[in-house]
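The structure under discussion appears below in the form of structure tokens.
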Amino acid sequence: MGLKGKAALVTGSTSGIGLAVARAFAAEGCDVMLNGLGDSGAIERLRAELAAEFGVRARYHGADMTRPAEIADLVATAEREFGRVDVLVNNAGIQHVAPVESFPVERWDAIIAINLSAAFHGVRAALPGMKARGWGRLINIASTHGLVASAQKTAYVAAKHGILGLTKAVALECADTGVTCNAICPGWVLTPLVQAQIDARAKAQGVSVDQARRALLGEKQPQLQFTKPEQIAALALFLCSDVAANMQGAQLVSDGGWTAQ
Ligand code: NAD
């Protein structure tokens, strides 16, 4: 892959897809800046494990993705620590499920901030260094919900449609700079974000967690398989490879047929 000597910053990498992406980049010899919420001891163990297992520099910054100044400091810290940020994966995200009339205003604001605005703040801070070095990869983790909607997910759907728009606009601005900006649109991936929805469904419908999991998949994803976090990570690596050098503003979909219907 040739990522040795390069540095990647992955937001929301203490769990789920972001963690798999950080591991995949570290496995390719890339230095990684971790970010996300969680128990500080567990995060430090994770950081130390990545560094030891793959022989790369791994750092952690606890920037809250709702806070623009902290996001700017996250990028600046990564640039200071590694001398560069070559890959920015905007991955941090949250979900809330409720009808629009009773959707908590505070959850709307948080979802727009974390799932959409944080990517703008990250790109804004990381792009100048990438352009100066003549190479960079901006990768936004969107969703099938960037392409189609589901009821009771207004904020998430709005944010994910927004991030695809951001991806395309930034892509045009990056054309001919050596920097590309692309999005990945996963369908269901079994992470804590989705497990919470399965648990809520099981409780609401009085069914087992296993039945709720199968119903969730069956409703949207004809292939009836979750995409694995490692498969999303491999798509992010692909976007950093030479064969993807002319991909600009694209959406890579891995959704078991969800949006083919
Ligand atoms: P997850 O809950 O396992 O991980 C989310 C990460 O974001 C965690 O590291 C968490 O600490 C971090 N985070 C949350 N709020 C934050 C904040 N304020 N500041 C900093 N970090 C914060 O979820 P996941 O499923 O791995 O989701 C990762 C991304 O993938 C999200 O953008 C999500 O929308 C997207 N996605 C997930 C699925 C899926 O089925 N799991 C499908 C499509 C898209």
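Note that ligands are numbered from 1 as they come in the structure, with each ligand's atoms numbered from 1 the same way.
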For this session: Any chance you could measure Leu217, atom CG, to Arg214, atom CZ, to the nearest 0.5 Å?
Result: 10.0 Å
Exercise. For the residue pair Asn115 and Gly93, what are the closest heavy atoms and their distance?
Worked result: OD1-CA, 3.2 Å
For this session: Please tell me if the side chains of Ser117 and Ile112 come closer than 4.5 Å, counting only heavy atoms from C-beta onward.
Result: yes
Exercise. Using a 4.0 angstrom limit on heavy atoms, which residues are close to ligand 1?
Worked result: Gly12, Ser13, Thr14, Ser15, Gly16, Ile17, Asn35, Gly36, Leu37, Ala63, Asp64, Met65, Asn91, Ala92, Gly93, Ile94, Ile114, Ile141, Ala142, Ser143, Tyr156, Lys160, Pro186, Gly187, Trp188, Val189, Thr191, Pro192, Leu193, Val194
For this session: Report the C-alpha distance between Glu219 and Arg201 in whole Å, list the side-chain angles of each, state the deciding distance to 0.1 Å, and finish with yes or no for salt bridge (charged side-chain N to carboxylate O under 4.0 Å, His left out).
Result: CA-CA 13 Å; Glu219 196 176 84; Arg201 182 188 272 255; 2.9 Å; yes
For this session: For residues His96 and Tyr156, establish whether the separation of their ring centroids is below 6.0 Å.
Result: no
For this session: List the steps, then state whether salt bridge (charged side-chain N to carboxylate O under 4.0 Å, His left out) holds for Lys6 with Asp86.
Result: CA-CA 6 Å; Lys6 288 198 161 36; Asp86 303 292; 5.3 Å; no
